[in-house]
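Here is the structure we will look at, set down as structure tokens.
Bear in mind the structure is a predicted one, so any value in this text is a computation, not a measurement. In the text below, chain A, chain B and the rest are named by the order of the sequence lines, each starting its count at 1.
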Amino acid sequence: MTTLNTPPTGARANTPAGHSPKPETFTAVRTDQVADLQVIDKKVDANGLPILGATPGLSSRYVGMSGSQILMKMLAEHGVTDAFGYPGGAILPTFDALYDANINFVLVRHEQGAGHMADGYARATGKPGVVIVTSGPGATNTVTPLATAYMDSIPIIVFSGQVRTYLIGNDAFQEADVTGIVRPVTKRAYLVKSVKDLPRIINEAFIVATTGRPGPVLVDLPVDVTTNKIEEPVDDTPYLPGYKPRVLGHSKMTRAAADAINASRRPVLYVGGGAVLANAWKEVRELADKANLPCTTTLLGLGAFDERNPRSLHMLGMHGSAYANYAVQESDLLIAVGARFDDRVTGNLKFFAPKAKIIHIDIDPSSISKNVKVDVPVVGDARLCLQDIIQHVQHVERKEWFAQIDAWKKKFPFIYRDDTANIKPQAIIEAINKATEGKAIFATGVGQHQMWAAQFIRWSQPRSMISSGGLGTMGYGVPAAIGAQVGRPGELVIDIDGDASFIMFPQELATAAEYNIPVKIAIINNNFQGMVKQWQELFYKGRLSYTKMTNPDFAKLAEGFGVKGLRCERKEDLHRIVDEMIAHPGPCVVDFLCEKDEHVYPMVASGKALHEMELGVVGQGAQEPTLHPNAARELGTLA
Amino acid sequence: MRHVISALVMNEPGVLAHVAGMFSARGFNIDSLVVGRTEDPALSRMTIIVNADERILEQVRKQLTKIVTVVRVRDYKDLPFVERDLALIKVATPPGKRTEVLELVNIFRGRVVDVGPSTLMVEISGEEEKIDAFVEQLRPYGIKELARTGVIAMPRGNSTISLSDDDTGSRREGLARPQRSSGLDKREPTQAELEATPPG
Ligand SMILES: Cc1cc2nc3c(=O)[nH]c(=O)nc-3n(C[C@H](O)[C@H](O)[C@H](O)COP(=O)(O)OP(=O)(O)OC[C@H]3O[C@@H](n4cnc5c(N)ncnc54)[C@H](O)[C@@H]3O)c2cc1C
Ligand SMILES: Cc1ncc(C[n+]2csc(CCOP(=O)(O)OP(=O)(O)O)c2C)c(N)n1
Ligand SMILES: [Mg+2]
């Protein structure tokens, strides 16, 4: 078994001693600092387009190899060190090759888990996540992860088994038209028809998944494609004639953007997941500092801008900060960087940022002017476009604007009232934030706890927020946290989960236990589907139709899986148990029982404009003496 | 507003389903969609007619371009072009009416391609509206069967909508075309191969 307290090792030795090799990799040492993530430059040609593979021509490097051997060889060549999956009949030849491969393979308990793990891995590391599953039910179990990754533009590649080519279309055992099923939720789906096509398709799959606007790709592998050998030289050059992601922004547009920024009196920088995907956090910071811009991020942009920076407006949108939303509504210039004007962010589009001119930097032309008419479109990679724009911006004072923003920040901080005998859910997240100083990787489920995590963690590290934004997939937290931990073994990974989200996907605890993947799972347990309950209370006359959860004893459940289980019910135990959770060297589940009758505020109700948000207790910030310590600390830094 | 869009797509299974699926998933209405071969065996051309305002047209164009297997998209908004639709019409020719029908066929520059005891099959091509008008003229005689290809289109003069016309052609230099694998490999497996994969 894993030795505790040994320093994290980079190399993950695979020990094919038993049928399920256990890598001795996951040490549970807590690091205080999230490693400075490396930004790997993608190779681009003179036009800034990604270089597509090797020189064309027939290559004999695959001759004599079977499809599954080719897959293993090429995974290694594409830098794949870890993969997630589950075996079955149609993928057996590939699993046989996996037995000898130098890949740290994580055997999951459900293929959906493998998909979300690969997704969490990709978000935490910036590398594509790889999944290997069998045909039919194995492949269809990956549909939800593919859709989750597609909505949030996350690069994962699923290799699924398929029945033999001669059986395709015959309703063979465990046959499903998988490429047909997943096409709308993948960037590209391949059915490989001959082993001769496999090298080219694997190269294409990696390019398509990771370049341009990233996204999931599925490669369906019939049994005979993985068992047949390549007998003569083949061309493995990618053939993607229609695929030309634009990377460099048009210089006329970047110049126009810089001019608009210099001329603006009330600008707001609005940063999204695309800035994370582009590894553009340094540039975002540089632009905000140099041009003196207040900066808000979307849920998926959290961590791309250090929230301890006084220019930070924290998250905007439906449950974003009042000051971010007011600033957007009052702005004369909105600079969107890799953000897609989602309806959770804009509220009623008719009244969104009514006074603002809009600059939109996005690599996907179809994102631009989709929801909101854009004045200065900049099509290209966020990092490269920002580097260009930064050159041409100047520092502008904007005293009045910042004074106004600071006044809003003082008046409407994220707060809650600690006025029940039960622990308030926000207090749990605050305690975790305090204990970690926000320096951990956080995954979430979907619901109120997800929003409170967004509000009460002080995000400062890029790639530290692992959350399903666009699809809102409950059950995502546990596997995504495991995937993130596999990608960044030496670091602290905490899943802030809901009780209902957790119980939708608890079986991967067995995976965490088997490999001693030391994720910490903090269940914010209100014994309700709290987010739905909130809407029922606000809009359905409090008729709580099927939202109450009758939950198991989560701590015992964890223990049953061989994972440490803790329970916290009393306020006075909170900090101690949070510390105990973090200090535990292996995986750990904590059942934090909390107040159920708590709503997430601020809130922009459907159909309302951003500035018409309900403030709840937040609006009483100025008068309330019960400002929580975190908010008070923050106000201190603002003054 | 009626718009004609030409999309050059990779000639492989699933592309038509992908494009058609994108239209239905995003709620764009298609009036007509025609797919056929082109000068390049690796590519097919789709000619799509949509009724949409400028904003929707823009999204249709961008969403089409976004599909990886769609190689090139062009709308004929600011481009002079020729469009053609072709129809086969089986029309009843009641006793004594055959000459009337033949006269109409001549006026519309149609062609009789089959003659039955009491029917004629007419082939006619032209712009959609011309064919609509012709069909209306024939209707009183009794149309037994009607089949139309839908619209195909091509720009006038020197401009083309093809791969070589691509503005990023430089990148494509030296890019080999994959040898097309000829459909599914229908070889029966051997006993040993069958034993290598358990049922499930
Ligand atoms: C219960 C719930 C509540 C929510 N409430 C909120 C809320 O209050 N506030 C909020 O913000 N979100 C909220 N969300 C999330 C929301 O649904 C969206 O997922 C999120 O707002 C989208 O973030 P984004 O705009 O950053 O887009 P993303 O989905 O991250 O899109 C990224 C954009 O960047 C582009 N891009 C990709 N790569 C690059 C590159 N290299 N260079 C340039 N551009 C690139 C893409 O083309 C795309 O347009 C909530 C979700 C849930 C489940
Ligand atoms: C798979 C799935 N089913 C249903 C929903 C709808 N939904 C969104 S939030 C939510 C409740 C989540 O409850 P819980 O995980 O306990 O979080 P809480 O809101 O209580 O913090 C539900 C049912 C969803 N997002 N995903
Ligand atoms: Mg709950």
Evaluate whether atom CZ of B/Arg2 has more than 12 neighbouring non-hydrogen atoms of other residues, nucleotides or ligands under 6.0 angstrom away. yes

Which portion of B/Arg55 sits near chain A, non-hydrogen atoms under 4.5 angstrom: side chain

Is the count of non-hydrogen atoms from other residues, nucleotides or ligands lying under 6.0 Å from A/Arg61 atom CZ greater than 12? yes

If you count heavy atoms of other groups shown closer than 6.0 angstrom to CE of B/Met121, is the number above 12? yes

Is B/Lys130 atom NZ crowded by more than 12 heavy atoms from other residues, nucleotides or ligands, each under 6.0 Å away? yes

Between the OG atom in A/Ser367 and the NZ atom in B/Lys66, the distance rounded to the nearest 0.5 Å is 6.0 Å

With side chains defined as the heavy atoms from C-beta onward, is the minimum distance between A/Ser369 and B/Glu58 less than 4.5 Å? no

Contacting region of A/Asp364 [heavy-atom separation from chain B under 4.5 Å]: side chain

What's the separation between atom CD in B/Gln59 and atom CG in A/Asn371, rounded to the nearest 0.5 Å? 8.0 Å

Taking atom OH of A/Tyr86 as the centre, report whether more than 12 heavy atoms of other residues, nucleotides or ligands fall under 6.0 Å from it. no

Mind checking whether B/Lys62 and A/Ile368 have side chains closer than 4.5 Å, heavy atoms only? yes

Find the distance between CZ (A/Arg183) and OG1 (B/Thr69) and round it off to the nearest 0.5 Å. 8.0 Å

Return the minimal non-hydrogen interatomic distance between B/Val71 and A/Lys244, and the atom names on each side. O-NZ, 3.3 Å

Rounded distance (nearest 0.5 Å) linking atom CZ of B/Arg26 with atom NZ of A/Lys370: 6.0 Å

Beyond-backbone contact of B/Pro13 with A/Lys193, side-chain heavy atoms, under 4.5 angstrom: yes

NE2 (B/His18) and OG1 (A/Thr179) are apart, to the nearest 0.5 Å, by 11.5 Å

Within a 6.0 Å radius of atom CG on B/Asp53, are there more than 12 heavy atoms belonging to other residues, nucleotides or ligands? yes

Is it the case that over 12 heavy atoms from other parts of the model lie below 6.0 angstrom from the CD atom of B/Glu136? yes

Is the closest basic N to carboxylate O distance between A/Lys373 and B/Glu54 below 4.0 Å? no

Taking side chain as everything from C-beta outward and backbone as N, CA, C, O, which of these in B/Val70 sits under 4.5 Å from a heavy atom of chain A? Side chain, backbone, both or neither. backbone

